[in-house]
Engineer: 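Below is one structure. I have some questions about it.
All residue numbers refer to positions in the sequence shown, counting from 1.
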Amino acid sequence: MHSLNRRDFMSMTGAAVLVAGCGGGGGGPAPMPPVPAPPPQPPTPPPGAVFGAEQVAFLLSLEQGIAQFFWNMGATPWTGSAAGPARGSASGLIADKADAGTGLPHGGGAASIVGTGFGLAALCIVASRLGTAQELRLIRGDGSQVSAGDLRDRVYATLSAIAQCAGASGNGLYYHYVDSASGQATGSGDIVSTGDNALLQAGIMVARQFYASDPAIHALASRLMGAANWSWMMNGNSAYELGWSAGGGFSGHLWGAYSAVILPLLLGLGSPDAGHRIAANPRPSAPDARYPWDAILRPVYTCGSYPHNANANYSFAGCPAVSYIGCPAPLFAHQYPQAFFRLQGRRDAYADYFQNSALATQACQAWCVASANQLGFVDSQSGQPYVSSTLWGLTASSSNVGGVPTYEVWGGPPASWPANSDPWDGTLVPCAAGGSLPFMPQACVQALQNMRAQYPLSWPQFQSGPYQGQSYGFVDAFNPAARPQWYSSQYLSIDMGITLLMAENALSGFVWNLFMGNPEAGSAMQAAGLA
């Protein structure tokens, strides 16, 4: 049985794409040849244009629940340093998990910096819709509606708390888990992860741009952005170190191939602090593997060529040979960078990454259908097949393989990573479709609508506690094939976050437009040859 806690999983995410000897000092792997552009595709409709009124209403209801999750999960009163939020006010640090029965923080309420980054963007989404016909109405603990002032104050409190969080002293990078009340370390040996900090910093950038006219927020967010020392995380190599810990130093593993590393690479290229910036190729039109953007490997994967796991080689008849630049990590590797950087219509010397992510999503959809048919997954109550081109979704998630709660690194394709992960057992993961909404709008929204319609227990209301009657939307995962059918008892902040941001990008492009308004984002795109 393969079981990971959230910290362990996030700390090893990049290990799916580690490349031995991926550069040291000025060296590195031979540069990848430019990848041919995929066949011409129809122009992608502008955000919002692809959805009917019923679909828009559905996506807004999904956003409503997730936004309430982030408001509630950031409500832990601050007890830490006086330099942080006011004592007793909400810290804004997002509890990593919520209980599906009550909506309250799960497992002691340790905060995730990834969830906190998504939470900052969530507050901005809500603030942008206040007073509009498509308003998201968040409820405070006393039953009153959250106001624009409440949202502004929570954003400032969150930034103030982040500045006090434990991590790599002097380098502006934080542990994955911190105490939601004080920002201090939750235990010994926690990890400062490159990928985690990138998602936190991206959320800070969204907040800074949305509140650009607020001097206090703008100044604090700018300070946090400048403090993030991306160059330090390179540790003299041409690829990022996967992580660092106070007890063990750098991990010694380099994040050397295409994956979610695209996000920290771009942030490092665009850092507002010249000393913290990673090196950009002075000739981006001529790739040079001495430079981090060019050094990452960009292998091409084909959907129909994967074994199901290390011990069973299935042919998956009917799975089309969809090819794309990818990695063995789950679908989120394509989603996280593009929740913030709008890469639609751009390409560097290697690829059109937006179209590439659309192909990866198409491969995941096709692989789910072909695998379910091959493995004979049926609804344990009706006895009928349930996975189809309009009901699918697989990425890393909580699970219940063999009746034991686990965290599984579902691939799809490939089937699982690492090789000893449990093979897919029919679990469906809503954020797989939710996080790919801009890439395949109709296929993803239909999958989400069908999940709710056919499996209403995947979208429960709280039966007890202070949030009784509310709902955060989909639980993290569920399995119709299990006997009895299984529904996760948790909501996970990172999976809620990618769904909310990509739903809003698909509807309006709001997060993209806001994030790309930061001059640092433009500098990063230019340095990578994507301008």
Side-chain angles (χ1 to χ4, degrees), residues 10 13-14 16-17 35 113-114 117-118 120-121 193-206 225 228 230 233 239-240 242 255-271 278 280 292-298 324-348 350-361 364 395-396 431-432 434-440 494-495 497-506 509 511-516 518 520-531:
M10 290 304 298
T13 299
V17 290
V35 177
I113 65 163
V114 177
F118 280 131
L120 285 168
S193 161
T194 307
D196 296 349
N197 278 278
L199 288 163
L200 174 66
Q201 289 292 330
I204 292 170
M205 292 173 69
V206 170
M225 288 167 55
W230 300 110
M233 286 301 291
Y240 277 123
L242 186 59
W255 207 354
Y258 178 85
S259 64
V261 74
I262 293 297
L263 179 59
L265 281 174
L266 287 172
L267 293 180
L269 288 168
S271 170
I278 66 174
W293 183 258
D294 297 316
I296 58 169
L297 302 179
R298 294 168 170 86
Y324 56 94
I325 296 172
C327 62
L331 189 59
F332 70 73
H334 297 272
Q335 298 169 345
Y336 290 167
Q338 295 188 66
F340 299 97
F341 279 97
R342 186 169 193 174
L343 304 185
Q344 190 176 20
R346 300 171 184 260
R347 63 173 292 126
D348 63 359
Y350 304 100
D352 176 332
Y353 296 102
F354 185 91
Q355 182 61 29
N356 187 71
S357 294
L359 292 170
T361 302
C364 182
T395 187
C431 71
S436 285
L437 276 160
F439 304 136
M440 290 179 61
I494 194 167
D495 295 342
I498 192 61
T499 300
L500 173 61
L501 270 62
M502 289 303 238
E504 186 61 33
N505 280 333
V511 180
W512 283 334
N513 295 337
L514 206 57
F515 180 86
M516 296 302 294
N518 286 281
E520 294 83 0
S523 297
M525 298 285 275
Q526 185 172 5
L530 286 162

Engineer: Distance alone, cut at 3.5 Å: any donor-acceptor contact between the side chains of Ser436 and Gln335?
Structural biologist: yes
Engineer: Taking side chain as C-beta onward, heavy atoms only, is Leu530 less than 4.5 Å from Phe341?
Structural biologist: no
Engineer: So do Trp255 and Pro264 actually touch side chain to side chain, heavy atoms under 4.5 Å?
Structural biologist: yes
Engineer: Should Leu120 and Val206 count as side-chain neighbours, where that means a heavy-atom distance under 4.5 Å?
Structural biologist: no
Engineer: State, to 0.1 Å, how close Ala506 and Leu437 come at their nearest heavy-atom pair, and which atoms those are.
Structural biologist: CB-CB, 4.0 Å
Engineer: Which heavy atom in Leu269 sits nearest to a heavy atom in Ile278, and how many Å separate them?
Structural biologist: N-CG1, 3.6 Å
Engineer: Measuring from atom CD of Gln344 to atom CD of Gln338, what distance do you get when rounded to the nearest 0.5 angstrom?
Structural biologist: 9.0 Å
Engineer: Using 0.5 Å steps for rounding, measure from the OG1 atom of Thr361 to the CG atom of Asn356.
Structural biologist: 9.5 Å
Engineer: How close do Pro438 and Asn505 get, counting heavy atoms only, and between which atoms?
Structural biologist: CG-CB, 4.2 Å
Engineer: Please find the pair of heavy atoms, one from Ala280 and one from Ala527, that lie closest to each other, and give the distance.
Structural biologist: CB-CB, 3.7 Å
Engineer: Start with the C-alpha gap between Arg347 and Gln355, add the side-chain angles, then the distance that decides, and say whether side-chain contact (heavy atoms from CB on, under 4.5 Å) holds.
Structural biologist: CA-CA 9 Å; Arg347 63 173 292 126; Gln355 182 61 29; over 6 Å; no
Engineer: In terms of ring plane angle, is the pair Tyr258 and Tyr353 parallel, tilted or perpendicular, where the classes change at 30° and 60°?
Structural biologist: parallel
Engineer: Grab the two heavy atoms, one from Pro292 and one from Leu265, that are nearest each other, plus how far apart they are.
Structural biologist: CB-CD2, 3.8 Å
Engineer: Using 0.5 Å steps for rounding, measure from the CG atom of Leu359 to the CD1 atom of Ile325.
Structural biologist: 10.0 Å
Engineer: When rounded to the nearest 0.5 angstrom, what distance separates OH in Tyr240 from CE in Met233?
Structural biologist: 8.5 Å
Engineer: Less than 4.5 Å apart, side chain to side chain, heavy atoms only: is that true for Leu501 and Phe340?
Structural biologist: yes
Engineer: Side chains of Phe332 and Asp495: does their closest heavy-atom pair fall under 4.5 Å?
Structural biologist: no
Engineer: May I ask you to test the Trp512-Glu504 pair for a side-chain heavy-atom distance under 4.5 Å?
Structural biologist: no
Engineer: Give, for atom CD of Glu520 and atom CG of Leu266, the distance between the pair rounded to the nearest 0.5 Å.
Structural biologist: 13.0 Å
Engineer: Side-chain contact, heavy-atom cut-off 4.5 Å: Trp230 with Asn197?
Structural biologist: yes
Engineer: Hey, could you give me the CZ/CZ distance between Arg342 and Phe515, rounded to the nearest 0.5 Å?
Structural biologist: 13.5 Å
Engineer: Is there a side-chain contact between Phe118 and Ile113, using heavy atoms and a 4.5 Å cut-off?
Structural biologist: no
Engineer: At their closest point, which heavy atom of Val511 faces which heavy atom of Ala339, and how far apart are they?
Structural biologist: CG1-O, 3.4 Å
Engineer: Start with the C-alpha gap between Tyr336 and Ile262, add the side-chain angles, then the distance that decides, and say whether side-chain contact (heavy atoms from CB on, under 4.5 Å) holds.
Structural biologist: CA-CA 9 Å; Tyr336 290 167; Ile262 293 297; over 6 Å; no
